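Position 1 is the first residue of the sequence; numbering continues from there. Only a predicted model underlies this, so the values are computations on that prediction, with no experimental measurement involved. Just the heavy atoms: all of them, side chains too, but no hydrogens, waters or symmetry mates, feed the values below.
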Amino acid sequence: MAAAVSCVVRRVEELGDLAQAHIQHLSEAAGEDDHFLIRASAALEKLKLLCGEEKECSNPSNLLELYTQAILDMTYFEENKLVDEGFPEDCSPQKVKELLAFLSEPEILAKENNMHPKLCGLLGAELLECLSWRRGALLYMYCHSLTKRREWLLRKSNLLQKYLVDGINYLLQMLNYRRPVQLNEGVSFQDLDTAKLLSTGVFSDIHVLAMMYSGEMCYWGLKHCTDQQSENHEVDTDVFGASCTTHKETLDFREVGEKILKKYVSVCEGPLKEQEWNTANAKQILSFFQQRCS
């Protein structure tokens with residue numbers, strides 16, 4: 001066990017050094033101090049100090065959490081830059097691939113070492129959700145920019161399909177890390193609406209947004225990937241390096257989109273009715289799905 005812990009510590013330390021060098025490059029290129037880069041760098045410095053202690057006595061979960069938080073901050077800075085620039089066509093594919101690789105590294109490390117029966121034991125459900133959400137949301141934003149490029153779509157709709165499938169799977173993975181709360185006589189809630197949300201597996205606004213993003217991406221897939229619209233779609237694990245799945249899975253844009261958007265509408269017009277979530281776009285997409293089905 002001690003040898004395994006030491007191995008994890010060494011690997012996290014190596015990854016931390018690579019991330020710190022990347023942050024230095026980003027800071028120099030930006031020409032100014034950025035809050036997220038400063039916070040990421042501070043987390044990596046703390047990580048370096050902890051890794052310098054007795055490796056056998058180190059807590060791999062704490063180290064991996066520090067590294068993950070740094071990665072989340074570092075990549076957030078880069079994502080914002082890509083969004084502000086409108087995802088430039090010349091550099092975005094490579095940059096998105098790099099960001100997804102960074103955001104996949106904590107999960108890959110946890111899986112490779114297999115130190116706990118369940119991945120959540122090492123990283124925790126909230127961090128795993130965050131990593132999947134960030135990857136899915138990044139691909140959502142990237143695909144949104146691609147759907148505005150008509151000439152690109154005519155030439156590369158097959159690439160859009162691959163990006164959409166990976167993005168949808170990341171978001172669905174995020175929505176399934178935690179089980180819905182089972183309501184029974186032994187569980188007491190003061191707020192009935194909150195109880196209904198938890199019983200449907202909705203734990204935050206991000207869960208609601210992930211449902212809408214997933215449905216919208218399914219809509220783009222059915223609308224723009226016409227050559228493959230009657231077939232099931234597979235996750236291509238080589239699209240951006242590490243995928244959110246370890247094997248190929250089929251994904252039907254209409255079926256998945258319809259299911260997730262019906263749940264979105266039900267939640268937003270039910271327990272979240274007072275929060276004024278907009279369901280107009282979701283209903284329009286559901287109508288589109290029905291027309292394609294008939």
Side-chain angles (χ1 to χ4, degrees), residues 125 128-130 132-144 146-147 157 160-184 187 189 191-226 228-235 244-245 248-294:
L128 287 168
E129 282 183 352
C130 194
S132 292
W133 159 251
R134 288 283 301 280
R135 286 174 289 181
L138 172 60
L139 284 171
Y140 168 85
M141 293 184 289
Y142 184 42
C143 288
H144 182 266
L146 295 177
T147 61
S157 64
L160 176 65
Q161 176 196 338
K162 293 178 180 180
Y163 301 161
L164 288 170
V165 170
D166 256 10
I168 292 166
N169 274 284
Y170 282 128
L171 293 173
L172 296 181
Q173 184 185 50
M174 177 259 179
L175 290 169
N176 287 300
Y177 271 121
R178 282 187 274 181
R179 293 180 179 274
V181 175
Q182 298 297 318
L183 303 182
N184 52 56
V187 180
F189 288 96
D191 186 342
L192 184 58
D193 286 338
T194 298
K196 290 179 180 178
L197 288 172
L198 296 179
S199 69
T200 58
V202 177
F203 297 92
S204 70
D205 287 354
I206 298 300
H207 287 77
V208 183
L209 200 55
M211 288 191 284
M212 187 63 223
Y213 279 11
S214 301
E216 200 167 356
M217 293 173 85
C218 287
Y219 165 71
W220 294 335
L222 202 58
K223 181 179 180 180
H224 297 295
C225 306
T226 54
Q228 301 84 20
Q229 67 183 22
S230 62
E231 302 174 1
N232 282 335
H233 302 261
E234 291 186 335
V235 177
C244 61
T245 56
K248 290 193 173 183
E249 296 180 355
T250 58
L251 189 153
D252 184 293
F253 286 136
R254 189 195 65 79
E255 181 181 353
V256 172
E258 191 171 49
K259 181 178 179 180
I260 201 75
L261 285 181
K262 283 182 177 178
K263 182 176 180 180
Y264 171 84
V265 172
S266 175
V267 166
C268 292
E269 295 186 350
L272 289 177
K273 182 173 57 177
E274 301 301 322
Q275 303 299 319
E276 299 183 352
W277 282 82
N278 193 321
T279 60
N281 189 35
K283 289 180 177 179
Q284 287 180 359
I285 294 174
L286 284 170
S287 177
F288 175 84
F289 288 152
Q290 286 297 319
Q291 291 172 9
R292 284 302 181 100
C293 186
S294 59

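The line from CG of L222 to CZ of R254 is 8.5 Å long, rounded to the nearest 0.5 Å. Atom CG in L164 sits 11.0 Å away from atom CG in N169 (nearest 0.5 Å). Distance OG1/T147 to NE2/H224: 5.0 Å, rounded to 0.5 Å. With rounding to the nearest 0.5 angstrom, the OG atom of S157 is 11.0 Å from the NZ atom of K162. We find the NZ-CG distance between K259 and D252 to be 12.0 Å, quoted to the nearest 0.5 Å. We find the CE-CD1 distance between M212 and I285 to be 4.0 Å, quoted to the nearest 0.5 Å.
Among F289, F288, F253, the single residue meeting the ring pair (Phe, Tyr, Trp, His ring centres under 6.0 Å) criterion with Y219 is F288. Results of the ring pair (Phe, Tyr, Trp, His ring centres under 6.0 Å) test with Y142 over Y213, W220, Y163 single out Y163 as the only residue that passes.
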Residue pair E129, H207: steps toward the side-chain contact (heavy atoms from CB on, under 4.5 Å) verdict = CA-CA 9 Å; E129 282 183 352; H207 287 77; 3.3 Å; yes
Show your working on side-chain contact (heavy atoms from CB on, under 4.5 Å) between I260 and I168 and close with a plain yes or no.
-> CA-CA 11 Å; I260 201 75; I168 292 166; over 6 Å; no
Given V256 and S214, is the side-chain contact (heavy atoms from CB on, under 4.5 Å) satisfied, shown in steps?
-> CA-CA 8 Å; V256 172; S214 301; 5.8 Å; no
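Considering every non-hydrogen atom in both N278 and Y264, the closest pair reads O-OH, 2.8 Å. Between L171 and A137, the closest heavy-atom pair is CD2-N, 4.1 Å. The heavy-atom pair separating R292 from K223 by the smallest distance is NH2-CA, 4.5 Å. When all heavy atoms of S266 and P271 are compared, the pair lying nearest together is O-CD, 3.9 Å. M211 approaches L261 most closely through the heavy-atom pair O-CD2, 4.0 Å.
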